[in-house]
Amino acid sequence: MISVWQALYQNKEFVNGVNLSQMITYTLLSSLIGSFSRSMIAYTMANQVRDGTVGNELVKPLSYKWLHVSQEIGSNLFFTLIITLPVMILMFILYGIDIPTGPLEFILFLVSVFLGLIMAWTLNFIFGIFAFWLKTPEYVSFFTFACMTLFAGSIVPLWFYPDWLRSIATALPFRFVTFEPMAIYLGQYSLTESFQIIFIQIVWCIALYAVEKLLWHGVQRHLVIQGG
Amino acid sequence: MAYIEVNDLVKDYKIYDKPKGFFNVAKSIFVRTYHTKRAVDHITFSIEQGEVVGYIGPNGAGKSTTIKMLSGILMPTEGQISVNGREPWKDRKQNSLHMGVVFGQRSQLFWDLPVEDTFDLFRKIYKVEEHKFKQNVEFYVELLDMKEFLHQPVRQLSLGQKMRANIAVALLHDPDIVYLDEPTIGLDVVAKNKIRNFIRTVNEEKHTTVILTTHDMDDIEIICKRLIMIDHGKKLYDGTLSDFKRSYKGESVVSIEFESDEEYVMPEGTYPFSILKRDGAKYLFRYDRDKTTPAEVAYLVSKNRPIVDMGMQETDIEYIVRSMYEGKAE
Amino acid sequence: MEYLSLYLEFYKIRLKSVAEYRGAFIMISITKALSYAADFLVTWMMISTFQTMGGWKAHEVMVLFGLNSASYALAGTFFYHITTYLSNQVKDGTFDEVLTKPLNPFLYLSTRYFSTGYFGTFSISLFIIIFSLISGHVAMDFGKIAYLIVTLLSGGLITGSIMIILSVPAFWMLENNGLRAIFFNNIRDFVQYPITIFGKVIQIFMTVVLPYAFVTFFPALFILGKQDYSIFPSWFMYLSPAVAIVLFVIAYRFWMYGLSRYESSGS
């Protein structure tokens with residue numbers, strides 16, 4: 001992907017207010033966030049509904065969500081440390097990355113990443129709940145993938161989007177997972193704007209959590225009626 | 001020359017060691033260590049066309065491995081196999097044209113297709129002539145009582161119905177030989193009997209050779225005339241069923257549970273029974289069926305100690321094989 | 001090839017079950033197409049914003065993108081089962097059933113389990129290619145259209161051959177998931193861009209070792225009338241069909257060799 005950006009930035013300095021070294025930083029750090037927020041939970045849930053094992057887990061005195069989320073955090077952490085991090089370090093040495101503008105920006109970035117990850121897991125769980133109803137794991141993972149590619153800006157940041165698509169992406173929560181934290185890191189926002197982003201993230205977290213609870217409640221009732 | 005000739009057959013499996021520890025895992029990417037396990041250990045037998053042979057032994061005795069070598073799935077480590085003059089492994093396609101297989105609960109049927117469509121497909125795979133195909137389908141549908149579910153997709157069938165369809169499919173092309181690996185496993189008595197009678201009839205009418213593995217002594221009793229028994233990869237017995245039963249007819253087992261779990265000591269004198277095994281307050285008594293009955297054993301035992309429960313222990317093959325093996329070791 | 005009609009029979013059966021689960025089939029086709037369309041849209045916008053990528057215009061890169069995913073869809077239709085489920089089948093013993101049939105095991109597996117799940121991917125890829133060619137006003141004549149079809153077939157065969165080769169470790173009870181993730185999913189992404197934007201080592205690797213460059217880059221040079229040959233001779237753009245056939249023969253032989261070393265599981 002870095003070669004791709006290098007090829008694109010041939011003979012160009014700034015495009016839409018962003019330069020090559022910022023883009024390299026964006027690519028490297030966003031794939032780090034990406035490997036942390038990776039989630040198969042929707043897929044797992046749909047499969048469990050299909051083969052009926054979901055019943056066994058629902059009777060356990062544990063939160064179904066936390067059971068799976070904590071498993072995934074564990075495996076993501078492992079994956080990140082063993083594979084992604086060494087590759088990243090190599091890349092940092094090869095290409096170098098931009099340092100955040102100041103310590104406060106860096107702290108804001110970390111807070112924003114943290115909130116972004118919470119949002120990512122909640123979103124994935126919500127997709128998983130849809131899998132409960134559809135009983136088909138395949139669509140859900142492809143659909144999640146499409147949403148993330150299109151609206152999260154994890155591969156191509158929203159700066160390079162045409163206006164119509166950017167306004168759609170702005171209305172949706174996906175951009176807060178990688179794009180917005182990275183924008184804070186790269187100093188694209190003033191401090192006030194950064195605080196605004198974090199505030200909106202918190203609002204989204206609460207809203208998504210409420211949606212999730214509501215849907216989950218519906219699923220449980222559904223399961224009780226259907227007998228699993 | 002007999003239809004099947006097996007001579008000094010050996011099969012070794014390589015079991016790859018599971019690496020432990022980070023260093024060994026890394027090493028295992030390049031060099032994998034393994035040990036060999038001998039599943040079949042110098043077995044020799046021959047089977048004539050038209051015979052029905054029960055191939056028995058406890059779990060892990062090497063039954064399936066033998067069948068897999070006979071059907072051409074596995075290559076023998078040592079020894080020779082000839083099935084109608086062919087080496088199954090080398091001449092896999094020709095060999096499989098003349099055989100039928102039913103592997104336990106593994107279905108060969110197409111999940112979404114009605115049974116009759118699967119029949120049609122197998123007609124094409126095995127290039128069965130039209131009139132022979134029709135004749136066979138009619139014959140099997142009648143004998144196995146399959147008319148009612150012939151048009152249903154396989155996924156809607158019960159276990160017993162699927163097994164019947166699987167057996168019919170394996171016999172559609174009139175194979176010389178059919179390998180049945182646990183054909184009655186998990187079925188109820190009615191379904192079992194249907195299948196047993198069917199196998200007998202097919203053998204009688206079509207002179208099909210049948211090799212059958214099973215854990216159910218009744219399967220053997222009803223279907224087979226000859227028995228080959230193996231354990232730990234070695235042949236323990238090869239002969240007629242009646243001879244086999246004669247040598248083991250005496251042995252039966254009854255289980256008795258005492259009120260307390262103090263040790264039970266056999267009283268002085270000779271009795272037609274003895275202690276086989278103890279598990280807490282529960283004892284297994286071996287008795288001679290010709291001389292006594294389970295009720296009498298229980299009565300004699302209960303004279304010295306109160307008992308709370310008794311039950312008949314089925315003399316299954318596992319047990320006979322075990323006792324035979326133990327007997328050999330003594 | 002006397003069995004050809006028989007193998008066609010297996011296709012018919014698969015299509016029958018598609019007809020039965022029509023709703024699911026349509027849904028999966030649409031969602032798969034959507035996820036590719038999203039990827040396509042984002043990449044297109046990215047290159048449009050920058051105007052060119054290493055001398056390639058957006059629509060030209062998108063032809064590469066389309067060729068890559070169309071080839072993947074074709075290969076997946078026939079070989080997805082082999083590359084993904086062979087190791088499972090070997091482990092749980094269901095592979096034995098394949099060997100009890102008087103059939104060629106390779107043809108039997110690829111036809112019996114041929115996948116209908118790539119219809120959406122293939123359609124959207126074809127749409128992307130045609131859309132990109134038209135929107136870029138690429139002059140097409142009969143020869144180019146014919147070569148485009150040949151390219152798709154060769155691309156499918158090259159991608160499929162690599163899938164087949166990567167499935168062989170399954171016969172030796174080895175996990176092939178990791179191999180597949182690296183050599184298939186990750187590396188294949190390179191050729192949706194012009195390989196000339198990467199270093200020479202990668203260019204040579206993608207041409208000689210894992211010849212994915214013949215799936216997209218070289219044939220696209222001919223179809224788009226470009227002369228971005230880099231260090232390679234210009235006739236490489238006609239080489240895709242030959243590469244496909246040679247690679248497939250190697251893959252098939254290797255698979256059969258793997259099969260000859262197959263040891264069924266003990267139970």
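Protein chains get the first letters and strands the later ones, always in sequence-line order, with residue 1 at the start of each.
A donor-acceptor distance shorter than 3.5 angstrom exists from the side chain of T49(C) to the backbone of F160(A), with no hydrogens or angles considered.
Y161(A) is listed as a side-chain neighbour of V42(C), based on a closest heavy-atom distance under 4.5 Å. Annotation: side chain of M46(C) is in contact with side chain of L8(A) (closest heavy-atom distance under 4.5 Å).
Atoms CE and CG, from M45(C) and L150(A) in turn, are 6.5 Å apart once rounded to the nearest 0.5 Å. T149(A) contributes atom OG1, which lies 11.0 Å from atom OH of Y36(C) (distance to the nearest 0.5 angstrom). To the nearest 0.5 Å, the span separating CE on M27(C) from CZ on F143(A) amounts to 9.0 Å.
The local environment of NZ in K57(C) is sparse, with at most 12 non-hydrogen atoms from other residues, nucleotides or ligands closer than 6.0 Å. Under a cut-off of 6.0 angstrom, the local environment of CZ in F50(C) is crowded, with over 12 non-hydrogen atoms contributed by other residues, nucleotides or ligands. Surrounding OH of Y85(C) are at most 12 heavy atoms belonging to other residues, nucleotides or ligands under 6.0 Å away.
Residues A38(C) and A146(A) come closest through the heavy atom pair CB-O, 3.7 Å. Of all heavy-atom pairs spanning I197(C) and A7(A), the tightest one is CG2-CB, 3.4 Å.
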Begin from the C-alpha positions of V4(A) and M53(C) and carry the test side chain to side chain contact (heavy atoms under 4.5 Å, CB included) through to its verdict.
-> CA-CA 8 Å; V4(A) 171; M53(C) 169 191 263; 3.1 Å; yes
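Contacts of I202(C) with chain A are absent, with no heavy-atom separation under 4.5 Å from either backbone or side chain.
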